[in-house]
Amino acid sequence: RLLRDDFVAAVYARSLEKTEKWKEASALRRARIETGSRNAVFYSDEARYLESQQDLAEALKLLDKAEKNGVADDFSGAIKADLLQKVGRGEEASALRRARIEAGSRNAAFYNDEAKYLESQGDPEGALLLLEKAEKIRVTDEVTAILKERLLREVKRGRPSPLPSSPLP
């Protein structure tokens, strides 16, 4: 009876995972998703489970479904960007992160991951500018500090940037 409540079901699914009952947790989440749950946690947690099973394509389909059903949130968006990056769709991942940043997201993962992407594209200066923007609006975490420190060292060493800096406004 208690599992009629989505919040309780989501907590229960996580407790199943803690006891290494991953397939049961997945089945519970899938059932909730198929019955039209509006709880984004089911989508995010199931996408992470699918990722752990090396089924990135299915995880992306699930997150697309969350968007289509209007239940995607910043957390599921960050997961989707991460998965897009992992399947070699870095430009799409970057576009998703930039759109969320421009929309005013308060999720530091978008800033951190986009800064990493900019760095990987040879633009550590642009990455630093983006992290400075995150600091200005107080959207930072421990990863931001570590990443900024590394980027500062890289820029001080004078590594040239082959691409122009591309900070967000």
Side-chain angles (χ1 to χ4, degrees), residues 3-123 126-127 130-131 133-134 137 139-144 147 163 166-169:
L3 291 183
R4 289 184 191 159
D5 178 88
D6 273 352
F7 177 77
V8 173
V11 171
Y12 183 64
R14 285 188 176 172
S15 69
L16 286 170
E17 287 184 336
K18 297 274 186 213
T19 59
E20 300 183 3
K21 296 179 180 174
W22 298 287
K23 287 183 181 179
E24 288 178 49
S26 176
L28 174 58
R29 287 188 298 265
R30 286 290 186 161
R32 292 304 235 205
I33 290 167
E34 293 309 314
T35 58
S37 173
R38 308 273 315 146
N39 189 334
V41 172
F42 292 123
Y43 293 86
S44 297
D45 287 356
E46 186 62 14
R48 283 296 185 204
Y49 170 72
L50 290 167
E51 178 186 18
S52 76
Q53 300 301 301
Q54 306 301 313
D55 195 349
L56 304 185
E58 187 62 26
L60 283 167
K61 282 184 201 172
L62 184 65
L63 293 171
D64 286 342
K65 184 175 184 171
E67 288 174 358
K68 182 180 170 189
N69 292 345
V71 298
D73 60 10
D74 269 358
F75 190 68
S76 61
I79 293 169
K80 183 175 181 180
D82 181 51
L83 293 172
L84 286 168
Q85 193 80 36
K86 287 179 179 176
V87 298
R89 294 163 58 186
E91 288 183 20
E92 271 184 79
S94 177
L96 189 157
R97 288 187 297 264
R98 286 180 169 274
R100 294 293 176 102
I101 289 167
E102 289 169 10
S105 173
R106 307 289 301 162
N107 187 335
F110 290 122
Y111 292 85
N112 296 335
D113 290 348
E114 186 60 16
K116 290 176 194 173
Y117 177 74
L118 289 171
E119 179 188 24
S120 77
Q121 298 301 299
D123 189 7
L130 181 61
L131 294 180
K133 175 186 175 157
I137 61 172
V139 181
T140 62
D141 60 14
E142 308 81 35
V143 174
T144 311
L147 185 55
L163 302 175
S166 53
L168 294 173

note = All heavy atoms of Asp123 vs all of Gly126, minimum pair found to be OD1-N, 2.9 Å
Nearest-0.5 Å distance, CZ of residue Arg100 to CG of residue Asp73 = 7.5 Å
query = Going from CZ on Arg89 to CG on Leu84, what distance comes out if it is rounded to the nearest 0.5 angstrom?
reply = 5.0 Å
task = Dump the intermediate steps for salt bridge (Lys or Arg N to Asp or Glu O under 4.0 Å) on Asp6 and Arg38, then the final yes or no.
result = CA-CA 8 Å; Asp6 273 352; Arg38 308 273 315 146; over 6 Å; no
query = Between the main-chain N or O of Tyr12 and the side-chain N or O of Ser15, is there a donor-acceptor pair closer than 3.5 Å?
reply = yes
ask   = Which heavy atom of Asp74 sits nearest a heavy atom of Phe110, and at what distance?
value = O-CZ, 3.4 Å
ask   = What are the two closest heavy atoms between Ala9 and Phe42, and how far apart are they?
value = CB-CZ, 3.9 Å
inquiry  = To check you understand the geometry: which heavy-atom pair defines the closest contact between Leu96 and Ala81, and what is its length?
reply    = CD2-CB, 4.1 Å
task = Applying side chain to side chain contact (heavy atoms under 4.5 Å, CB included), name anything that partners Gln85, two or more places apart in sequence or on another chain.
result = Ala93, Arg97, Tyr117
task = Just jot down the side chain to side chain contact (heavy atoms under 4.5 Å, CB included) partners of Val11, sequence neighbours excluded, or say none.
result = Phe7
Gap between atom NZ of Lys116 and atom CG of Leu147 - 0.5 Å precision = 6.5 Å
inquiry  = Using the side chain to side chain donor-acceptor pair (under 3.5 Å) criterion, which residues pair with Asp141? Sequence neighbours excluded.
reply    = Asn112, Thr144
query = Could you state the interatomic distance from CG (Asn69) to OG (Ser37), rounded to the nearest 0.5 Å?
reply = 10.0 Å
key: Charged N-O contact under 4.0 Å between Arg14 and Asp45   = yes
task = Report the residues that fulfil side chain to side chain contact (heavy atoms under 4.5 Å, CB included) with Arg106, sequence neighbours left out, ordered by chain and then residue number.
result = Ile137, Arg138, Val139
request  = Search all heavy atoms of Ala109 against all heavy atoms of Ala78 and return the closest pair with its distance.
outcome  = CB-CB, 4.3 Å
ask   = For Gln53, what residues pass the side chain to side chain contact (heavy atoms under 4.5 Å, CB included) criterion, not counting sequence neighbours?
value = Tyr49
message = I need the Ile101 CD1 to Lys133 NZ distance, nearest 0.5 Å.
response = 7.0 Å
ask   = Does anything in residues 75-85 pair up under salt bridge (Lys or Arg N to Asp or Glu O under 4.0 Å), and if so which pairs, sequence neighbours excluded?
value = Arg48-Asp82, Asp64-Lys80, Glu67-Lys80, Asp82-Lys86
note = Scanning both residues in full, the closest heavy-atom pair of Asn39 with Ala10 reads ND2-CB, 4.1 Å
ask   = At what distance, to the nearest 0.5 angstrom, does OG of Ser44 lie from CZ of Phe75?
value = 5.5 Å
query = So among Glu58, Glu46, Glu34, which one has a salt bridge (Lys or Arg N to Asp or Glu O under 4.0 Å) with Lys65?
reply = Glu34
